[in-house]
Enquirer: 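Once you've had a glance at the structure underneath, I'll fire off some questions.
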Amino acid sequence: MHSSRPSHTGDRQKTGHSRHPVDDRPHRPDDDDRRLLRVILAAPVVLLTLAAAFFLWLAINTRPDGDWDQAAYGGIELACALAVVLAGAVGALWLAPSVRRVMRWPWAVPAVVLGVAAVVRWVSSGA
């Protein structure tokens, strides 16, 4: 009995060969999920890191007028504390095993560096 469909001699399913080396890779559905999860998790990580960078910048650029300028010293302490908290939030988010599997350590390093710099500024503020 003949099929109404014509046979294709170059059909990949019959020969088992592919024409492109990219097609030889086994497709893992996890790759698509991880890529999407990375995009979703990148938003809070980047936003928290940028906010920490802003507060560190604010702490570094705030200059007290003298030893009597307690408002400036308080502003420096507050900006440093906020930078440390935001950097700590990125670090805490990254410490979750499910997040670490998707986002490698380079995503967390800038926030950790900003947090350390904020602590150094806080200690050296002399308040």
Enquirer: Do you reckon L41 sits in the same ILVMFWY cluster as V112, going by side-chain contacts under 4.5 Å, direct or chained?
Expert: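 L41 and V112: separate clusters.
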
Enquirer: Can you tell me how far apart OG1 (T62) and CH2 (W57) are? Round to the nearest 0.5 Å.
Expert: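 T62 OG1 to W57 CH2: 8.0 Å, rounded to 0.5 Å.
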
Enquirer: Please name the pair of heavy atoms, one in A118 and one in V84, separated by the smallest distance, quoted to 0.1 Å.
Expert: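 Scanning both residues completely, I find the closest heavy atoms to be CB-CG2, 3.8 Å.
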
Enquirer: Out of curiosity, does L56 fall in the hydrophobic cluster containing W122 (side-chain heavy atoms, cut-off under 4.5 Å, transitive links)?
Expert: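 Each belongs to a different hydrophobic cluster.
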
Enquirer: Looking only at non-hydrogen atoms, find the nearest pair between A111 and A87 and report the distance.
Expert: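 Distance-wise, the nearest heavy atoms are O-CB, 3.0 Å.
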
Enquirer: Transitively linked via ILVMFWY side-chain contacts under 4.5 Å: L48 with W94?
Expert: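 They do not share one cluster, since no chain of ILVMFWY contacts under 4.5 Å joins L48 to W94.
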
Enquirer: Say whether V45 and L50 are linked into one hydrophobic cluster, either directly or through other cluster members, by side-chain heavy-atom distances under 4.5 angstrom.
Expert: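 Yes: a chain of side-chain contacts under 4.5 Å links V45 to L50.
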
Enquirer: Find the distance between CD1 (I76) and CG (L78) and round it off to the nearest 0.5 Å.
Expert: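 Atom-to-atom, I76:CD1 and L78:CG are 11.0 Å apart.
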
Enquirer: Looking only at non-hydrogen atoms, find the nearest pair between D69 and Y73 and report the distance.
Expert: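 Closest approach of D69 to Y73, heavy atoms only: O-CD1, 3.1 Å.
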
Enquirer: Heavy atoms only: give me the nearest A72-P64 pair and the separation to one decimal.
Expert: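 Scanning both residues, the minimum pair turns out to be CB-CA, 3.7 Å.
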
Enquirer: In terms of heavy-atom contacts, does CH2 of W68 have more than 12 from other residues, nucleotides or ligands at under 6.0 Å?
Expert: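 More than 12 heavy atoms, drawn from other residues, nucleotides or ligands, come within 6.0 Å of this atom.
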
Enquirer: Enter the distance from T49:OG1 to F54:CZ here, rounded to the nearest 0.5 Å.
Expert: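 Output value for this atom pair is 15.5 Å.
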
Enquirer: Is there a path of hydrophobic side-chain contacts, each under 4.5 Å between heavy atoms of I/L/V/M/F/W/Y residues, joining V39 to M103?
Expert: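 Each belongs to a different hydrophobic cluster.
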
Enquirer: Roughly how far, to the nearest 0.5 Å, is CZ of R121 from CG of L114?
Expert: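 L114 atom CG to R121 atom CZ measures 15.0 Å (nearest 0.5 Å).
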
Enquirer: What do you reckon, is CG of D67 surrounded by more than 12 foreign heavy atoms closer than 6.0 Å?
Expert: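 Count not over threshold, so no.
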
Enquirer: side-chain contact (heavy atoms from CB on, under 4.5 Å) for W107 and V46? Distances and angles first, verdict last.
Expert: CA-CA 8 Å; W107 284 92; V46 169; 4.0 Å; yes

Enquirer: How close do L86 and A52 get, counting heavy atoms only, and between which atoms?
Expert: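 So the two residues come closest at CD1-N, 3.7 Å.
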
